[in-house]
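Numbering starts at 1 and runs along the sequence shown.
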Amino acid sequence: MAKLTREQRIEIYHKRKSGVTIPSLSKQYGINKKKIWYLVKLIDKHGEDILRRDNNRYYSPQLKLEMINKVLIGNQSIKSVSLEYGLTSDGMLNNWIKSYKENGYNIVEKKRGRSPTMKKEVKPIDPNDKDAIIKAKDEEILRLKAENEYLKKLRAVVQARKDQQPKTK
């Protein structure tokens with residue numbers, strides 16, 4: 001599929017509204033008919049300002065989870081939720097749902113930017129310093145307790161989701 005500029009998308013929208021058929025627009029611009037249909041519906045709902053001029057938009061994990069839950073739990077269609085939230089493509093939500101299922105029903109946010117070149121140094125503990133050893137062990141115990149609590153809650157959420165899904169034969 002060809003990458004379209006903002007002006008081309010607006011042009012497609014106006015041509016469609018003036019009566020040009022979707023199949024002819026598809027041939028003219030070399031894009032899928034469904035993408036043209038989605039573009040027209042998106043601009044109808046949100047106006048031409050929805051087509052981005054700036055850099056890529058950021059969608060928070062909470063917003064992504066809200067959209068995913070509308071599809072998976074609320075039984076709404078991917079296209080209707082994508083149109084409702086003004087996503088530039090319904091494929092974005094489809095990819096988020098796929099990633100969500102693959103990662104054990106967790107939203108995984110991609111790290112942005114370049115990874116740091118300097119590693120965080122871990123200072124070795126002097127074996128003779130009893131207070132430092134006790135402090136390090138206490139910190140490790142607290143970290144492990146927090147990890148256990150997190151895993152228990154995660155297991156409960158996953159089990160609740162499994163219980164909500166309809167059983168298949």
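- Distance check, rounded to the nearest 0.5 Å: CE of Met92 to NZ of Lys64 gives 8.0 Å.
- In this structure, CG in Asn94 is found 4.0 Å from CD1 in Ile78, a value given to the nearest 0.5 Å.
- Rounded to the nearest 0.5 Å, atoms NZ (Lys41) and CG (Leu83) are 8.0 Å apart.
- Pairing each heavy atom of Val81 with each of Val71, the nearest pair is CG2-CG2, 3.9 Å.
- In plain terms, the two heavy atoms of Ser26 and Asn32 that are nearest each other are OG-C, 4.1 Å.
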* To do: Kindly indicate, with the supporting measurements, whether the criterion side chain to side chain contact (heavy atoms under 4.5 Å, CB included) is fulfilled by Met67 and Leu87.
  => CA-CA 11 Å; Met67 288 186 246; Leu87 299 180; 4.0 Å; yes
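- Minimum heavy-atom separation, Tyr38 to Ser82: OH-CB, 3.1 Å.
- Pairing each heavy atom of Tyr100 with each of Leu65, the nearest pair is OH-CD1, 3.6 Å.
- Salt bridge annotation for Glu149-Lys153: absent, with no cationic side-chain nitrogen under 4.0 angstrom from a carboxylate oxygen.
- The cluster map of Ile, Leu, Val, Met, Phe, Trp and Tyr, joined by side-chain heavy atoms under 4.5 Å apart, puts Ile73 and Leu154 in different clusters.
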* Asked: Given Lys15 and Tyr29, is the side chain to side chain contact (heavy atoms under 4.5 Å, CB included) satisfied, shown in steps?
  -> CA-CA 12 Å; Lys15 283 183 178 181; Tyr29 288 93; 3.4 Å; yes
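- Within the 4.5 Å cutoff, side-chain heavy atoms of Asp44 are placed close to those of Lys17.
- Within the model, atoms CD1 of Ile43 and CZ of Arg9 stand 8.5 Å from one another, a figure rounded to the nearest 0.5 Å.
- Within the structure, the ring-ring contact (aromatic ring centres under 6.0 Å, His included) test picks out the following pairs touching residues 60-98 (sequence neighbours left out): Tyr59-Trp96.
- More than 12 heavy-atom neighbours from other residues, nucleotides or ligands sit within 6.0 angstrom of OH on Tyr58.
- Atom CD1 in Ile68 sits 11.0 Å away from atom CD in Glu66 (nearest 0.5 Å).
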* Asked: Should Arg155 and Val158 be marked as a side chain to side chain contact (heavy atoms under 4.5 Å, CB included) after you check the CA-CA gap, both sets of side-chain angles, and the distance that decides it?
  -> CA-CA 5 Å; Arg155 183 176 291 137; Val158 169; 5.9 Å; no
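- Here the NZ-NZ distance, from Lys34 to Lys79, works out to 6.0 Å after rounding to the nearest 0.5 Å.
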* Trace of the side chain to side chain contact (heavy atoms under 4.5 Å, CB included) decision for Ile22 with Val40 -> CA-CA 10 Å; Ile22 289 180; Val40 171; 5.8 Å; no
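- Taking all atoms of both residues into account, the shortest heavy-atom contact from Glu84 to Lys70 is OE2-NZ, 2.7 Å.
- Judged purely by distance below 3.5 Å, without hydrogens or angles, the side chains of Ser99 and Asn95 never pair a donor atom with an acceptor atom.
- Using a 4.5 Å heavy-atom threshold, the side chains of Glu7 and Glu11 count as separate.
- No option in Gln165, Gln159, Arg161 other than Gln159 meets the side chain to side chain donor-acceptor pair (under 3.5 Å) test with Asp163.
- Tracing side-chain contacts under 4.5 Å through hydrophobic residues (I, L, V, M, F, W, Y), one reaches Leu39 starting from Val20; they form part of the same cluster.
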